[in-house]
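Here's the structure we're looking at; comments come further down.
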Amino acid sequence: MRADYATLHKTIKALTEGETDEVALMATVACELHHSDDRFDWTGFYRVTAPEVLKIGPYQGLHGCLVIPFSRGVCGAAARTGEVQLVPNVDDFPGHIACASSTRSEIVLPVRNEDGQVIGVLDIDSNQLDAFTQEDAEQLTAILTEVFGGQGSVPQIGV
Ligand code: SME
């Protein structure tokens, strides 16, 4: 089963409409994404809870590491650079943090609030090699912008 992003986007939008609590939003997004696609073996968020520190947030899958500094791992790289990290083979990523030895590839996306600040990252891990595509990066970014970005992520004219 592959994610049907059009339906997924609509469902997540409907479920999260009017909610502003970040943990409630993250829990809902993690659940909906995780069960939509067989490639997704671990799906969850790390939140920025202190300067340069990521702490585990809502997730689905086996247990994840609790704390990741910005300086470490794929999650740290996404938080530090503000850019999507698409890793086809985790063995080729220096400093990859192996929470599960079964993970072969992963995608990590920064999560921004309406002011454009990185408030966390979305990490999806797969037991399949080279599981993720540019299409996944684009569709997941669109969902995150919809849920966490609010109006502030749309360029404002005249303000
Ligand atoms: N692989 C991630 C760590 C998080 S877990 O796999 C859940 C990383 O290198 O940042």
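Whatever order the structure lists ligands and atoms in, that order sets their numbers, starting from 1. One-based numbering along the sequence shown.
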- prompt: Phe45 and Phe148: ring pair (Phe, Tyr, Trp, His ring centres under 6.0 Å), yes or no, with the steps?
  reply: CA-CA 13 Å; Phe45 290 87; Phe148 298 95; 5.8 Å; yes
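- A salt bridge (charged side-chain N to carboxylate O under 4.0 Å, His left out) check over residues 75-101, counting only residues at least two apart or in different chains, returns the pairs Asp91-Arg104.
- For ligand 1, the 4.0 Å heavy-atom shell takes in Trp42, Tyr46, Ile68, Gly73, Val74, Cys75, His96, Ile97, Cys99, Glu106, Asp123, Asp125, ordered by chain and residue number.
- Side-chain N or O atoms of Trp42 include one that pairs as donor or acceptor with a backbone N or O of Leu62 at under 3.5 Å.
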message: Go through it in stages, so that I can follow the logic: the residues are Arg39 and Asp136, the test is salt bridge (Lys or Arg N to Asp or Glu O under 4.0 Å), and I'd like the CA-CA distance, side-chain angles, deciding distance and then a yes or no.
response: CA-CA 11 Å; Arg39 295 172 298 162; Asp136 292 312; 2.8 Å; yes
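- Cluster annotation: Val111 is connected to Leu8 through the hydrophobic network of ILVMFWY side chains, with a link wherever side-chain heavy atoms come within less than 4.5 Å.
- Annotation for Arg47 and Ile56: closest pair NH2-O, 3.2 Å, computed over non-hydrogen atoms.
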